[in-house]
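Written below as structure tokens is the structure these notes are about.
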Amino acid sequence: MDVRPVKIAGVGAYVPPQVMTNADLEKMVDTSDEWIVERTGIRERRIAGIGVATSDLAIEAAKSCLLHAGVAGSELDLIIVASASPDHLFPATACIVQASLGANNAAAFDMEIGCSGFIYALVTGAQYISCGTYEKVLVIGSETLSRFTNWNDRNTCCLFGDGAGAVLLTPGEEGEGIISFILGSNGSSSSLLTLPMGGSRIPACKESLDQGLHYIHMEGKAVFKFAVKVLIKAVTEVLKECGREIDDIGLLIPHQANIRIIESACERFRMPMERVMVNIGQYGNTSSASIPIALFEAVRDGRVKKGQLVVLVAFGAGLSWGSVALVW
């Protein structure tokens, strides 16, 4: 079977209009703008309005992407939504998006692996095209993590924000598109970053609500150490897979979790920050949405150029990680 090249033919993003600044958080918990910026690089984040769900953000990002690509919803073969904050346990958020886009010919499903979700979904979508099963696959990362954030916990409430990003995958020409990828996980450390309540292990009940198990729980220091190590590992391995070097990277687009994680990895690579896409200051950690939002802004601002090597890398709950190298 021939393996077809797979390229990104369109990008899109959407963030809610409501901005929550660090000054706003100072009124809610014992924290300060200086404390947050120094430790995370985050100055503000977007918060979805009352009644706005993950699918609503995903739909807007999808429309933006399809407009950029010049493709109608009816032309889509598959929709994959990556999210750690879906509308429901079921039905799949992707099915809700499919209906809104008029994508009547498309299959649809969700992927849930936390902040690594978009990379996993991107690689999965690419397989359907590379083997010739589908021609147009829409991959979306969308989150409303504000719904699961404990606004009384200063160690986590400053980190997360809401937003969505999308890409359209299509067959490419030889030498362009995705040229390598790496996926990985370490389930033995899964308890370090978790949303305990809501599944079969701890069903929703008054006792679990009273214990705050419906909020994000994170062992910050341990996750930080993991993130720095695995970011370096994932980038190194994906470059080795395609026979490239650090100096070949035109733009590195990492998951926007913490500026210190990104800076630590770049220092190890001896890579100037000018070759790294960073927008965490404006949006915070939007989990599976962070890379597609950053990619959209990089394309919009002209930072991505034809023929350039772009590396996407993510890490998160699971613990999981993934990276993709592509020629734009």
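All heavy atoms count here, side chains included; hydrogens, waters and symmetry mates do not.
No donor-acceptor pair closer than 3.5 Å links the side chain of N22 to the backbone N or O of E34. Panel note: side chain N150, backbone Y215; no donor-acceptor pair is recorded below 3.5 Å. Without hydrogens or angle criteria, S83 side chain to S142 main chain gives a donor-acceptor distance under 3.5 Å. A donor-acceptor pair under 3.5 Å is formed between the side chain of H217 and the backbone N or O of G212. Checked by atom type and distance alone, the side chain of S320 pairs as donor or acceptor with a backbone atom of A317 at under 3.5 Å. Of the possible donor and acceptor atoms, none in the side chain of R43 sits under 3.5 Å from a partner among the backbone N and O of G281. Checked by atom type and distance alone, the side chain of D162 pairs as donor or acceptor with a backbone atom of L145 at under 3.5 Å. T194 contributes no side-chain N or O that, together with a main-chain N or O of S191, makes up a donor-acceptor pair within less than 3.5 Å. Side-chain atoms of S64 never come within 3.5 Å of backbone atoms of G12 as a donor-acceptor pair (strictly under, hydrogens ignored). A donor-acceptor pair is defined here as one N or O able to donate and one able to accept, closer than 3.5 Å; no such pair exists between the side chain of R201 and the backbone of P196.
Considering only residues two or more places apart in sequence or on other chains, K7 meets the salt bridge (charged side-chain N to carboxylate O under 4.0 Å, His left out) condition with none of them. Contacts of Y128 classified as ring-ring contact (aromatic ring centres under 6.0 Å, His included), with partners at least two apart in sequence or in another chain: Y134. R4 meets the side chain to side chain donor-acceptor pair (under 3.5 Å) test with E135; sequence neighbours excluded. Contacts of F296 classified as ring-ring contact (aromatic ring centres under 6.0 Å, His included), with partners at least two apart in sequence or in another chain: none. Every residue was checked against the salt bridge (charged side-chain N to carboxylate O under 4.0 Å, His left out) condition with R244, not counting sequence neighbours, and none meets it.
Here Q308 contributes atom CD and I249 contributes atom CD1; the two are 10.5 Å apart, rounded to the nearest 0.5 Å. If you take CD1 on I113 and OG on S288, they are separated by 11.0 Å, rounding to the nearest 0.5 Å. Here the CD1-CG distance, from I42 to N285, works out to 7.0 Å after rounding to the nearest 0.5 Å. Atom-to-atom distance recorded for D110:CG and I79:CD1 is 10.5 Å, nearest 0.5 angstrom. Atom CZ of R260 sits about 7.5 Å away from atom CD of E38, to the nearest 0.5 Å. The distance from the CG atom of L309 to the CH2 atom of W328 is 12.5 Å, given to the nearest 0.5 Å.
Grouping the Ile, Leu, Val, Met, Phe, Trp and Tyr side chains by contacts below 4.5 angstrom, directly or via other members, places M277 with V310. A continuous path of ILVMFWY side-chain contacts below 4.5 Å connects I259 to V313, so both sit in one hydrophobic cluster. Placement of V71 and L295 in two distinct hydrophobic clusters is found when ILVMFWY residues are connected by side-chain heavy-atom separations under 4.5 Å, directly or transitively. Transitive grouping of hydrophobic side chains (ILVMFWY, heavy atoms separated by less than 4.5 Å) brings V139 and V324 into a common cluster.
The two residues N186 and W321 come nearest to each other via the heavy atoms N-CZ3, 3.8 Å.
A donor and an acceptor atom, one from each side chain of T144 and T54, are located under 3.5 Å apart.
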Please step through side-chain hydrogen bond (donor to acceptor under 3.5 Å, both in side chains) for the pair E143 and S85, ending with a clear verdict.
CA-CA 6 Å; E143 303 285 7; S85 52; 2.6 Å; yes
Trace of the side-chain contact (heavy atoms from CB on, under 4.5 Å) decision for V29 with D153:
CA-CA 7 Å; V29 293; D153 178 9; over 6 Å; no
Audit row: T31, C158, side-chain contact (heavy atoms from CB on, under 4.5 Å) steps and yes/no:
CA-CA 9 Å; T31 191; C158 63; 5.6 Å; no
L159 and I216: side-chain contact (heavy atoms from CB on, under 4.5 Å), yes or no, with the steps?
CA-CA 11 Å; L159 300 177; I216 297 166; over 6 Å; no
Go through I8 and L168 one step at a time and tell me if the side-chain contact (heavy atoms from CB on, under 4.5 Å) criterion holds.
CA-CA 6 Å; I8 293 176; L168 179 70; over 6 Å; no
Donor-acceptor pairs under 3.5 Å, side chain of residues 228-238 to any protein atom, not counting sequence neighbours: which ones?
unit_1: K233; atom_1: NZ; unit_2: E237; atom_2: OE2; d: 2.9
unit_1: T236; atom_1: OG1; unit_2: I232; atom_2: O; d: 2.7

What donor-acceptor contacts under 3.5 angstrom involve side-chain atoms of residues 298-307, with partners at least two apart or in another chain?
unit_1: R303; atom_1: NH2; unit_2: E274; atom_2: O; d: 2.9
unit_1: R303; atom_1: NH2; unit_2: V276; atom_2: O; d: 3.2
unit_1: K305; atom_1: NZ; unit_2: G302; atom_2: O; d: 3.0

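Sorted by first and then second residue, the salt bridge (Lys or Arg N to Asp or Glu O under 4.0 Å) pairs involving residues 206-225 (not counting sequence neighbours) are K206-D210. Residue pairs meeting the ring pair (Phe, Tyr, Trp, His ring centres under 6.0 Å) criterion with at least one partner in residues 250-291, sequence neighbours excluded, are H255-F315. Pairs passing the salt bridge (Lys or Arg N to Asp or Glu O under 4.0 Å) check and including a residue from residues 13-33, sequence neighbours excluded, do not occur.
The other members of the hydrophobic cluster of L209, by chain and number, are M197, I202, L213 (side-chain heavy atoms under 4.5 Å, ILVMFWY only). Cluster note: Y14 groups with V52, L57 through ILVMFWY side-chain heavy atoms spaced under 4.5 Å, whether in direct contact or through intervening members.
Atom CD of Q127 has more than 12 neighbouring heavy atoms from other residues, nucleotides or ligands inside a 6.0 Å radius.
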